[in-house]
Trainee: 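Before I ask anything, here is the structure I am working with.
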Amino acid sequence: MDTNRPTTQHPTNRPAPAPAPTPPPVPVLDVIGLVTADMAASLAFYRLLGLDVPAGAEDAPHVEVTLPGGLRVLWDTEDVVRSFDPDRVRPAAGGDRVALAFRCADPGRVDAVYETLTAAGHRGHLKPWDAVWGQRYAVVLDPDGTGVSLYADAAGPAGTAPAT
């Protein structure tokens, strides 16, 4: 027996491991779509929030606005949606269909935007308050009853209960 010979390893009959599958790309939130019973009223509300809605869009059945950062907000009339979804039923009043939250520059802006919207006749749902999670917070309902939150990082002590 020659013990000075180098040993050789014999290859196995197993195939090489397959590369890990590449995960599919993650979908990117691109659009917030709102279905409205009254396009003009809905657009007027969101203009008061500062969205740059094109003039004359009130008579259109479909409207799009691109926000800073690229996210888009789309409005469609109920008739447009029924044209491709004839069995669609309007959600019950008071039922949240989508949640929208607009960050304001500071707590005073929360109060000011809330006042602007409610003074224009839109229904306040929760008056501005300092929330326990550290934000000044308020909720106004758009013309279709969708809750629209307004918030900013709170400057003062948190935890005061909301006034309704």
Side-chain angles (χ1 to χ4, degrees), residues 24-156 158-164:
V26 175
V28 175
L29 179 62
D30 179 54
V31 169
I32 297 171
L34 301 171
V35 179
T36 181
D38 184 338
M39 184 67 80
S42 188
L43 296 180
F45 175 89
Y46 288 96
R47 278 187 183 114
L48 286 172
L49 272 171
L51 275 66
D52 189 18
V53 178
E58 297 77 12
D59 296 324
H62 174 85
V63 177
E64 294 187 21
V65 170
T66 301
L67 303 175
L71 184 66
R72 295 178 298 145
V73 179
L74 280 55
W75 292 263
D76 287 297
T77 63
E78 290 178 336
D79 289 339
V80 165
V81 175
R82 275 194 294 274
S83 76
F84 61 83
D85 184 2
D87 297 328
R88 181 183 184 275
V89 176
R90 181 190 289 181
D96 286 337
R97 298 166 294 185
V98 66
L100 299 176
F102 287 80
R103 177 184 289 275
C104 297
D106 56 59
R109 283 298 298 154
V110 171
D111 294 13
V113 172
Y114 181 90
E115 178 58 33
T116 296
L117 292 169
T118 56
H122 300 289
R123 196 173 73 178
H125 180 66
L126 296 173
K127 292 180 181 177
W129 86 96
D130 292 322
V132 296
W133 53 86
Q135 293 175 330
R136 183 74 172 164
Y137 212 90
V139 179
V140 179
L141 301 180
D142 79 1
D144 292 294
T146 301
V148 176
S149 297
L150 309 169
Y151 71 97
D153 292 333
T160 356
T164 55

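As the structure is a prediction and not an experimental result, all values here were calculated from the model.
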Trainee: Going by the rule ring pair (Phe, Tyr, Trp, His ring centres under 6.0 Å), which residues pair with Tyr46 if we only count those two or more places apart in sequence or in a different chain?
Mentor: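 Per chain and number, Tyr46 pairs via ring pair (Phe, Tyr, Trp, His ring centres under 6.0 Å) with Trp75.
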Trainee: What salt bridge (charged side-chain N to carboxylate O under 4.0 Å, His left out) pairs are there with at least one residue in residues 49-61, not counting sequence neighbours?
Mentor: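 Sorted result for residues 49-61: Arg47-Glu58.
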Trainee: State, to 0.1 Å, how close Leu141 and Gly147 come at their nearest heavy-atom pair, and which atoms those are.
Mentor: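 Closest pair (atom of Leu141, atom of Gly147, distance): CD2-CA, 3.7 Å.
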Trainee: Mind running side-chain contact (heavy atoms from CB on, under 4.5 Å) on Leu74 and His62 for me, showing each step along the way?
Mentor: CA-CA 7 Å; Leu74 280 55; His62 174 85; 3.6 Å; yes
Trainee: Which atoms form the tightest heavy-atom contact between Ala154 and Asp130, and what is the distance?
Mentor: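 Scanning both residues, the minimum pair turns out to be CB-OD1, 4.1 Å.
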Trainee: Closer than 4.0 angstrom, basic N to acidic O: yes or no for Asp106 and Arg109?
Mentor: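 A salt bridge is absent here (no side-chain N lies under 4.0 Å from a carboxylate O).
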Trainee: Where do Val63 and Pro54 come nearest, in terms of heavy atoms and distance?
Mentor: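 For Val63 and Pro54, the tightest heavy-atom pair comes out as CG1-CD, 4.5 Å.
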Trainee: Do Val140 and Leu150 have side chains that get closer than 4.5 Å, going by heavy atoms?
Mentor: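 Side chain of Val140 against side chain of Leu150, heavy atoms only: contact under 4.5 Å found.
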Trainee: Indicate the atoms forming the closest heavy-atom contact of Val113 with Cys104, along with that distance.
Mentor: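 Taking every non-hydrogen atom into account, CG2-SG, 4.4 Å.
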Trainee: Looking at Asp38, is its backbone amide N or carbonyl O close enough to the side chain of Ser42 to form a donor-acceptor pair, meaning the two atoms are under 3.5 Å apart?
Mentor: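 Between the backbone of Asp38 and the side chain of Ser42 there is no qualifying donor-acceptor contact (under 3.5 Å).
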Trainee: What pair of heavy atoms forms the shortest contact from Leu49 to Val148, and how long is it?
Mentor: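 Result for this residue pair: CD1-CG1, 3.8 Å.
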Trainee: Which pair of heavy atoms, one from Pro61 and one from Met39, lies closest together, and at what distance?
Mentor: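 Pro61 and Met39 have their closest heavy atoms at O-CE, 3.6 Å.
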Trainee: Short question: side chain of Asp142, backbone of Thr146 - any donor-acceptor pair under 3.5 Å?
Mentor: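 Pair found, side chain donor or acceptor close to backbone of Thr146.
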Trainee: By ring pair (Phe, Tyr, Trp, His ring centres under 6.0 Å), which residues pair with Tyr137, not counting sequence neighbours?
Mentor: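 Residues passing ring pair (Phe, Tyr, Trp, His ring centres under 6.0 Å) with Tyr137: Trp129, Trp133.
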Trainee: Can you find a heavy atom in the side chain of Tyr114 that is under 4.5 Å from one in the side chain of Lys127?
Mentor: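 Touching, per the 4.5 Å side-chain cut-off.
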